[in-house]
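Just so it is clear: chains get the letters A, B, ... in the order the sequence lines come, proteins before strands, and each one is counted from 1. Worth saying up front: this structure is predicted, and the values here are computed from it rather than measured.
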Amino acid sequence: MATEGEGPCLVLAGPGSGKTRTLVYRVAYLLSQKVSPSEVLLLTFTNKAAREMLRRVELLCGRYPAGLVGGTFHHMGNISLRRYAEEIGYNRTFSILDRGDSKDFISEALEGARFSKERYFPKADILADIIGFATNSGRQIGPVIESQYPYLVKFTSEIERIAVLYQQKKRAANVMDYDDLLSNWLQIFYLSPSAREFYQAKFRYILVDEYQDTNRLQFETLKVLAEKHRNITVVGDDAQSIYSFRAAELKNVLDFPKAFPGTKIFRLETNYRSVPEILRLANESIKNNQNQFPKTLRSIKESGSKPLLISTENGFGEARHVARRILEMVSENEPLSDVAVLFRARYQATELEMELTGRGIPYIVRGGMRFYEQAHVKDILSYLKVLVNDRDEIAWRRIFLQVEGIGPGYFRRLWEKAGKSERPLHAFLEPKILAGLPARSQQPLKNLQTLFSELLREDFANKPASLIKRILDSDYRSYCLATYPDGPERILEIEELSKIATVFDSTERFLSETIMGEEYKGESFLFGGSDEKEYLTLSTIHQAKGLEWKTVFIIGLVDGRFPHAKAIQNEEGLEEERRLFYVASTRAKTNLYLVQPIIEYGWGCPKLQGLPNNRGSNIIQRLSPFVQELPEDCYQKAEKLGTTP
DNA sequence: TTCCAGACGTTTTTT
DNA sequence: ACGTCTGGAA
């Protein structure tokens, strides 16, 4: 099997066919052949998947494979750039912009550019999408707008200018966004022969999971990395390609044998996960896609029960029904960790969350807000960021906007003076820099200066935990309490953050691992990981990729929500939505519940808000076409359920 | 310039 | 029900 040979290897595999196991065995096999763990590169889609894989390798080998490198492409890009950033004109202390930061940065570039005041010029959000898509697909802005955003063609030259400006600003601030972690990583290979040779020599074996979701940049990177040894194994399933919005290209699968002549192709069509009834439904569904390599999964499991279609009156009924069914399972001693509720879009979880909270069912939401994306976490991290990289304009901005009386205008003036200096941090410590700023801001700004001169002292160097405590104890605690209604909880979270930081002996590594981490708000991160309490999982389907549960609920199976109305403007979009449905249903091992709320509340008429009879319009929703198109004998129908408790 | 209140339009998916 | 925009007051 794929564990034996050398050379390029493409594994086309269905869901539940042991893709991960294949990779785990291959790693274990290599290690048993005296390959050093440091010569193996494991690229997976999420950090979690990497950790899981390493855990299983450890289990198989009986020891932890020290030196084995594994993680996401972005993670590897980050590590490589920390080493070679100078080769592309960056400093290795660069900081990483999350989605919100890059949006802010683009907005600033927009203001600086002062365009013709034409109405409906796209907002920073959309600009970030366009620029990011162009980067990830390795294409120019122009063609991307033409094909994906035809209605914005008239703004093309201005958008191109914004993109250039954004690029310049990032460079000046020594910051990279997520896409830069990929594109700059590739850049160092093109610009630095020594970097290229180093990595080409180092990684004798490369293994890639979820290959169907790689984009052009990642494909090019793999080509470079594997050029010397050509021992590259990629594993993927075209039917599970669900990241086209991030420029994932199925073409990478088709082109793999061309890029790596001599590729051996394997197919894994046995499904070890689900009962035949669930598999039948998934097979019947995916058949409706034109663009695919047809394959039919065979189950090795014994016959179980058919998926159950449950129609409920509305969203509340849906939530109530799911919660009640889960409580039944709990009373039958089913562990909560065996159950997941999946949905298309994150907002669909809110009604269910209320219901679960009310009934005391513990849950985590994957696909909600990230831990580090919360305002208070970003506030605190900004201080650490400028200590590591004081050219980071966007972090400075965040810090100064906390000061009363300082808004974007005053910050810009400040930055015009300090940002030009060789060491902006020292420039900010000069008393004279405060001249011309509002009187009421003077004292808080002086406090800030004192704080920073203290943080610069030797005893804080590379002690992120002490830094966080000190920052919190300055004015931030009061700021937090005054700004957020849930201030006390936020402060608790910051204290937790500082506890976690104690294990880091490098502020820089603490920062990048926190920002690149994928912990969600409320996820085990805050429980220190030791608390083995049982949780129900709520997850977007995208986040559920690669995971499995005994029981899975798919909620919101309504036309317009799933498939999402915005995603089906063309046939390709509809097919990707169907693949999403395929991914969702194949997460289930034994029980699959399809849940449909029949009536959805409209938002009501805003003008009549507060009036007794303005409850919004009730709209009767059609069942999702993905269920309608299935042969009726694929699933069972539950009796119609009302909302009475 | 900042800050606040009210209006408006918006809600796909992620490293 | 939430962030973003707008206009007017401080």
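Here salt bridge (Lys or Arg N to Asp or Glu O under 4.0 Å) pairs that include residues 243-253 of chain A, with residues two or more places apart or in two chains, are A:K251-A:D255. Contacts classified as side chain to side chain donor-acceptor pair (under 3.5 Å) and involving residues 69-79 of chain A (residues at least two apart or in different chains) are given here: A:N78-A:R82.
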Which pairs, protein N/O on one side and nucleotides 8-10 of chain C N/O on the other, fall under 3.5 Å?
none

Taking only N/O atoms, report every protein-nucleotides 3-6 of chain B pair under 3.5 Å with atom names and distance.
from, atom 1, to, atom 2, distance (Å)
B:dC3, OP1, A:G405, N, 3.0

Polar pairs (N or O, both sides) under 3.5 Å between protein and nucleotides 3-7 of chain C?
from, atom 1, to, atom 2, distance (Å)
C:dT4, OP1, A:K103, NZ, 2.8

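Listed by chain and number, the residues in a side chain to side chain donor-acceptor pair (under 3.5 Å) with A:D104 amount to none (sequence neighbours excluded). A:Y372 pairs by the ring-ring contact (aromatic ring centres under 6.0 Å, His included) definition with nothing, not counting sequence neighbours. Residues that satisfy the ring-ring contact (aromatic ring centres under 6.0 Å, His included) test with A:Y243, not counting sequence neighbours, are A:F45, A:F245, A:H542. Shown here are the side-chain contact (heavy atoms from CB on, under 4.5 Å) partners of A:K566, two or more places apart in sequence or in another chain: A:H564. Among residues two or more places apart in sequence or in another chain, the side-chain contact (heavy atoms from CB on, under 4.5 Å) test is passed with A:A565 by none. Remark: A:I145 engages A:I130, A:I141, A:Y149, A:L152, A:V153, A:T156, A:I159 in a side-chain contact (heavy atoms from CB on, under 4.5 Å) (not counting sequence neighbours).
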> Pairs counted as Watson-Crick or G-U wobble with both distances under 3.5 Å: what dot-bracket string results for DNA chain B, using | for bases tied to another strand?
Replying inline: |||||||||......
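Residue contacts shown for A:P408 are limited to sugar-phosphate atoms, with no base heavy atom under 4.0 Å away.
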